[in-house]
Amino acid sequence: WIKDATALPAGAFKIVNSWGKGGSWENIADGYYWVTYQTMKSQQMPIYYFYNNSNAAYRPTVIAVFNINHSNRSQAWVTVGLGDPANPFMQKDLQSRWGTTLQSGALPFPSNSMVVDISEFAHYLNDYNVFIKVNNQGTTTGTIQNFSVECYSSYEEAAFRTINSATAMPVTIAASTSSSAIINTQGAFNTTELGLIIPPPRFDMSGNSFVERSPTAEELISDKERIGVYKPGVNYNRKVNGMGTGFQPPDQEAWKTLKKLQAFSSVNVSGPLPTSFDNSTSSYFPPIGNQGGEGSCTAFSIGYYIHTYNEAREHNWDLSTTTWGGTWPGQPQSNLNKIMSPDFIYHQINSGTDSGSNWSMAGSLAIRLGVATWNTMPYNTANSTSWPSEAAWREAPRYRASAPGNNYWDYSQDGYFIIKTDADIYLLKSLIAAGYCVSTGVQAASGGMYDLFSGEDVADNGTTGPMSIDHAQTIVGYKEGTAWNINNP
């Protein structure tokens, strides 16, 4: 297991921002900066990661397609599952949530159909019926307009089988209760059809192993103090010279479920770690992006940077010639069908306002639903709330994060740790050298991280205590020892 307490040489981690290149926040117009190991420790910088198996592209085989007519998507909790809706064998949520609080926003569902990938249900479709259930937590009524299941041998081609709802449509979504519709899939498939839709096992062939545990009571108190606890009604999109931030900490319920990384090993990392490693120089990494004034820093870190990089690795896409340009804040100038949309994530987890979003919800959404590309859901700073088009919903299953070792994806395929010691630095280096990009958080407001920069954009503040956190960033590489020159990084 890679966890070593040996003292490390001088070095720094490379961090990319989502404020474009050449802004007033940086001295070198390249969109990234360096934070020394000592500063990482003194700032107690948090690290967030989610699993990904990049050996093979994910292949969806079964999707649920439905249309919901309801004026408040934060009150109508939609789940798709197998068996009895009141006592399901398996189910998954459409919306992101903290406990019983949906982060959908008090806005209508889109008029178009929505899609949830249920390929993980395929093993059991002949044993149970599929249902959609809407738990209406308010007094406003609505309808389930349509509901069907589509089966694919190849998601690039037309569905070979579509099964429509056995329940007459539309179904009234009654006030303050649960309403449901059923599709009769039990006994509906022959052996050949089952062979087409049952996905291959998602074993982790990458050779990566994560050793995690729940934080102790003492750690939980300390970690909450460092990262923060979400407060309802707070606008976490603190503007800095017109640029958006938007980092939201976990709420009390989410803190109870978080896992903390203790050790990590990978067949890609054997013997001493290299003195430098930079995932952002890979042909899979997108160009430096610009979130503008929208509070979508978390969606840029998790979706635009990390998930684009992961999907490009899976599909062997070359993004090296892609540039960022156009009317401010701009967009990628090519490969829009290969770059993940931050708005597909942000609009579903920001509570219906441009007030920021949370790491774990962003990672969970990428694992649970997938992410559409910029091509089907372009980034738009003038709109922070609209949910995706049907084309975007249909595209997202192709680009689900590959959580290894599971045929059923839950909400706990991610984790965190906080940099406090050289052992934590070594743990982070191991993730980077194994091909992972991870998310962190800094203070972007006045007196924060960017005020520490040298002329070479190196933050090296000795032992100054931790700052608050308002802005998600992405760690992509490191240099140390003979590879590191603080005056010429």
Side-chain angles (χ1 to χ4, degrees), residues 18-19 68 70-78 93-112 114 136-140 142 227-254 289-304 329 340-366 368-369 371-372 377-389 392-393 439 441 443-445 468-472:
S18 50
W19 285 357
I68 303 293
H70 193 281
S71 62
N72 192 332
R73 63 195 188 205
S74 67
Q75 291 184 352
W77 181 347
V78 181
D93 295 341
L94 171 68
Q95 294 117 308
S96 297
R97 59 186 172 89
W98 274 335
T100 58
T101 303
L102 302 179
Q103 301 300 302
S104 308
L107 297 164
F109 284 93
S111 59
N112 54 263
M114 294 170 283
N136 191 359
Q137 301 170 55
T139 58
T140 303
I227 298 175
V229 178
Y230 173 77
K231 297 178 181 178
V234 172
N235 185 350
Y236 286 89
N237 182 17
R238 184 192 306 186
K239 300 291 180 66
V240 179
N241 297 325
M243 300 304 297
T245 56
F247 173 85
Q248 282 183 355
D251 79 339
Q252 294 285 9
E253 289 299 313
N290 187 350
Q291 71 186 84
E294 197 170 35
S296 56
C297 62
T298 301
F300 258 84
S301 180
I302 301 301
Y304 176 78
M340 301 300 117
S341 167
D343 269 355
F344 184 87
I345 294 176
Y346 187 53
H347 290 197
Q348 294 188 63
I349 62 173
N350 66 6
S351 300
T353 62
D354 184 18
S355 56
S357 58
N358 170 269
W359 275 331
S360 194
M361 281 190 187
S364 170
L365 190 143
R368 191 174 75 253
L369 301 179
V371 182
M377 190 160 184
Y379 184 70
N380 181 3
T381 57
N383 180 354
S384 301
T385 61
S386 294
W387 270 18
S389 66
W393 284 109
S439 194
Q443 179 179 317
S468 63
I469 300 172
D470 57 24
H471 191 36

With Ser96, the side chain to side chain donor-acceptor pair (under 3.5 Å) member among Gln103, Gln348, Arg368 =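 Result: among Gln103, Gln348, Arg368, Arg368 is the only option passing the side chain to side chain donor-acceptor pair (under 3.5 Å) with Ser96.
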Test side chain to side chain contact (heavy atoms under 4.5 Å, CB included) applied to Ile68 and Arg73, step by step | CA-CA 9 Å; Ile68 303 293; Arg73 63 195 188 205; over 6 Å; no
Ignoring hydrogens and geometry, is there a side-chain-to-backbone donor-acceptor pair from [X] to [Y] under 3.5 Å?
| X | Y | value |
| --- | --- | --- |
| Thr381 | Gly292 | no |
| Asn358 | Ala362 | no |
| Ser389 | Ala392 | yes |
| Ser18 | Phe300 | no |
| Trp393 | Pro388 | yes |
| Tyr379 | Gln291 | yes |
| Asn383 | His347 | no |
| Asn350 | Gly356 | no |

What is the minimum heavy-atom distance between [X] and [Y], and which atoms define it?
| X | Y | result |
| --- | --- | --- |
| Tyr346 | Asp354 | OH-OD1, 2.6 Å |
| Gln95 | Leu102 | NE2-CD1, 3.7 Å |
| Ser351 | Tyr230 | OG-OH, 4.5 Å |
| Ser71 | Thr140 | OG-CG2, 3.2 Å |
| Ala445 | Asp470 | N-OD2, 3.3 Å |
| Lys239 | Gly293 | CE-O, 2.8 Å |

Answer yes or no: is there a side-chain heavy-atom contact under 4.5 Å between [X] and [Y]?
| X | Y | value |
| --- | --- | --- |
| Ile345 | Asp343 | no |
| Phe247 | Arg238 | no |
| Gln443 | Ile469 | no |
| Asn72 | Leu107 | no |
| Ile302 | Ser439 | yes |
| Pro249 | Tyr236 | yes |
| Phe344 | Leu365 | yes |
| Gln248 | Trp359 | no |

If you draw a 6.0 Å radius around CG in Asn241, do more than 12 non-hydrogen atoms from other residues or ligands fall strictly inside?
->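 Count not over threshold, so no.
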Just verifying a value: how many Å separate [X] [atom1] and [Y] [atom2], rounded to the nearest 0.5 Å?
| X | Y | atom1 | atom2 | value |
| --- | --- | --- | --- | --- |
| Glu253 | Thr100 | CD | OG1 | 8.0 Å |
| Met243 | Glu294 | CE | CD | 11.0 Å |
| Asn380 | Ser386 | CG | OG | 8.5 Å |
| Trp387 | Ser111 | CH2 | OG | 13.5 Å |
| Ser104 | Trp77 | OG | CH2 | 10.5 Å |
| Ser384 | Asn237 | OG | CG | 8.0 Å |

Centroid-to-centroid, Trp19 to His471, below 6.0 Å?
->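 Yes, they do, as the ring centres are separated by less than 6.0 Å.
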Please state whether the rings of Phe109 and His70 are parallel, tilted or perpendicular, taking 30° and 60° as the class boundaries.
->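 Because their plane-to-plane angle is over 60°, the rings of Phe109 and His70 count as perpendicular.
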